[in-house]
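Taking it in order: structure first as structure tokens, then the write-up.
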Amino acid sequence: MAMSNLLYPLNPTTFTLSRKPLHSPFLSSFTNQPCLITLTNFATKPRNKIPTKPRRSEQITAKSNGDNPADTSDRLISAVCYFYPFFDGIQYGKYVITQFTPIQAAIQPLVPAIRVFKSFPFNGFLVFLTLYFVVVRNQNFSRYVRFNTMQAIVLDVLLIFPDVLERSFNPRGGLGLDLLMSLDSTVFLFLFVSLIYGSSSCLLGQLPRLPIVADAADRQVL
């Protein structure tokens with residue numbers, strides 16, 4: 001209690017100093033005015049607390065133009081783009097589709113579109129040019145659409161590597177054929193999962209990030 005009284009006295013302390021008249025002609029005019037110095041104890045005044053703003057929960061959502069969420073058209077365009085690498089790499093599923101009936105049933109509705117895509121040898125290249133120069137390089141489209149389109153393009157470009165391996169090593173049987181079947185099945189399943197994940201995420205308004213290709217798509221989309 002004694003220590004608190006020393007630190008925080010109850011009454012403000014006031015000191016009054018008075019000067020006596022000085023025998024000086026220059027200072028004689030100031031002798032009738034006492035000089036008062038008042039010291040007020042500021043410890044009794046409450047300190048102003050800096051108001052703290054409550055933390056807001058951060059939520060990452062898909063963005064299209066500015067701060068607006070991706071609209072319906074952006075979602076549809078982005079979802080359709082993921083069909084491009086799947087159609088272009090459907091031939092890698094020749095072993096999986098024949099062995100697993102559920103996958104065959106899921107792909108059956110897409111057969112007419114796949115036939116149209118495969119009807120002309122340069123369809124894949126023309127779709128690539130269209131998506132890259134008309135969509136990705138077009139600032140009129142939102143970044144949400146351009147990013148998803150670029151992911152689909154990068155995924156299709158990666159199909160060059162299994163195609164080169166398949167053309168270079170074309171075993172007729174034995175261990176080499178088993179390895180080739182495993183490679184083709186892995187590529188097809190990756191394309192199939194990417195199609196389901198990418199398209200469904202876009203339809204739900206989320207931003208899908210595919211492994212391997214997401215970072216490359218980020219660097220291409222400004």
Side-chain angles (χ1 to χ4, degrees), residues 55-93 103 106-107 109-110 112-167 183-222:
R55 295 182 178 180
R56 297 178 298 178
S57 58
E58 297 180 357
Q59 182 179 4
I60 300 175
T61 55
K63 302 294 182 181
S64 59
N65 297 324
D67 295 330
N68 299 324
D71 52 22
T72 305
S73 60
D74 289 345
R75 297 180 186 183
L76 291 177
I77 296 174
S78 301
V80 171
C81 289
Y82 288 99
F83 285 91
Y84 165 56
F86 181 75
F87 287 176
D88 201 18
I90 191 65
Q91 68 274 8
Y92 296 104
I103 297 180
I107 298 176
L110 302 177
I114 295 174
R115 288 178 178 174
V116 173
F117 184 84
K118 294 291 186 179
S119 61
F120 187 64
F122 296 101
N123 277 346
F125 183 67
L126 294 177
V127 173
F128 166 79
L129 294 178
T130 302
L131 293 178
Y132 185 76
F133 290 103
V134 177
V135 179
V136 176
R137 292 302 180 185
N138 190 352
Q139 296 294 332
N140 293 327
F141 287 98
S142 65
R143 192 183 188 280
Y144 182 78
V145 174
R146 292 186 288 118
F147 173 77
N148 286 285
T149 305
M150 194 64 212
Q151 277 201 133
I153 292 175
V154 174
L155 185 59
D156 183 72
V157 171
L158 292 179
L159 295 179
I160 296 176
F161 297 102
D163 184 64
V164 171
L165 290 176
E166 189 172 350
R167 293 177 184 273
L183 175 64
D184 289 351
S185 300
T186 302
V187 172
F188 172 78
L189 291 176
F190 183 74
L191 293 174
F192 187 61
V193 172
S194 299
L195 171 63
I196 296 175
Y197 169 66
S199 298
S200 60
S201 298
C202 291
L203 292 177
L204 294 175
Q206 301 175 356
L207 185 64
R209 293 188 64 87
L210 301 178
I212 303 174
V213 302
D215 293 336
D218 272 330
R219 289 191 293 267
Q220 292 295 327
V221 178
L222 302 177

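Throughout, numbering of the chain's residues begins at 1 and tracks the sequence.
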Could you tell me the separation between the [atom1] atom of [X] and the [atom2] atom of [Y], rounded to the nearest 0.5 Å?
X      : Y      : atom1 : atom2 : result
Ser201 : Leu207 : OG    : CG    : 8.5 Å
Leu131 : Leu126 : CG    : CG    : 11.0 Å
Leu203 : Thr72  : CG    : OG1   : 10.0 Å
Leu204 : Ser199 : CG    : OG    : 11.0 Å
Arg146 : Asp74  : CZ    : CG    : 10.5 Å

Decide yes or no for [X] and [Y]: does some side-chain heavy atom of the first lie under 4.5 Å from some side-chain heavy atom of the second?
X      : Y      : value
Val136 : Phe141 : no
Ser78  : Thr149 : no
Val145 : Ser142 : yes
Ser185 : Tyr92  : no

Q | Parallel, tilted or perpendicular: ring planes of Phe117 versus Tyr84, cut at 30 and 60 degrees | A |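 Ring orientation of Phe117 relative to Tyr84: perpendicular.
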Q: Among Leu110, Leu191, Ile114, find the residue that satisfies the side-chain contact (heavy atoms from CB on, under 4.5 Å) test when tested with Ile90.
A: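 By the side-chain contact (heavy atoms from CB on, under 4.5 Å) criterion, Ile90 pairs with just one of Leu110, Leu191, Ile114: Ile114.
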Q) Quick one: side-chain hydrogen bond (donor to acceptor under 3.5 Å, both in side chains) partners of Arg167, sequence neighbours excluded? A)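 Asp163.
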**Q.** Those residues that, when tested against Phe133, pass ring pair (Phe, Tyr, Trp, His ring centres under 6.0 Å) (two or more places apart)
**A.**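 If we apply the ring pair (Phe, Tyr, Trp, His ring centres under 6.0 Å) test to Phe133, skipping adjacent residues, there are no hits.
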Check: residues 208-216 side-chain donor-acceptor pairs under 3.5 Å, at least two apart:
{"from": "Arg209", "atom 1": "NH1", "to": "Asp218", "atom 2": "OD2", "distance (Å)": "2.9"}
{"from": "Arg209", "atom 1": "NH2", "to": "Asp215", "atom 2": "OD1", "distance (Å)": "3.4"}
{"from": "Arg209", "atom 1": "NH2", "to": "Asp218", "atom 2": "OD2", "distance (Å)": "2.8"}

Looking at every non-hydrogen atom in both residues, tell me the closest pair between [X] and [Y] and how far apart they are.
X      : Y      : answer
Asn148 : Cys202 : OD1-SG, 3.4 Å
Glu166 : Asp184 : OE1-OD1, 3.6 Å
Asn138 : Val134 : CB-O, 3.0 Å
Val221 : Phe147 : CG2-CA, 3.9 Å
Pro85  : Leu159 : O-CD1, 3.8 Å
Val157 : Phe128 : CG2-CE1, 4.3 Å

Q. With a 3.5 Å cut-off and no angle check, do the side chains of Gln151 and Tyr82 form a donor-acceptor pair?
A.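 On atom types as modelled, these side chains qualify, holding a pair under 3.5 Å.
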Q: Can you sort out the partners of Asp156 under salt bridge (charged side-chain N to carboxylate O under 4.0 Å, His left out), two or more places apart, ordered by chain and number?
A: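 Not a single residue meets the salt bridge (charged side-chain N to carboxylate O under 4.0 Å, His left out) criterion with Asp156.
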Q | Pairs involving residues 126-136, ordered by first then second residue, that meet side-chain hydrogen bond (donor to acceptor under 3.5 Å, both in side chains) (sequence neighbours left out) | A |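 Counting only pairs at least two positions apart or across chains, the side-chain hydrogen bond (donor to acceptor under 3.5 Å, both in side chains) contacts touching residues 126-136 are Tyr132-Arg137.
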(Q) Per the side-chain hydrogen bond (donor to acceptor under 3.5 Å, both in side chains) rule, what does the pair list look like for residues 117-128, sequence neighbours excluded? (A)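 Residue pairs with at least one partner in residues 117-128: Gln91-Lys118.
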**Q.** Intermediate values then yes/no, side-chain contact (heavy atoms from CB on, under 4.5 Å), Ile107 and Phe86
**A.** CA-CA 11 Å; Ile107 298 176; Phe86 181 75; 4.0 Å; yes
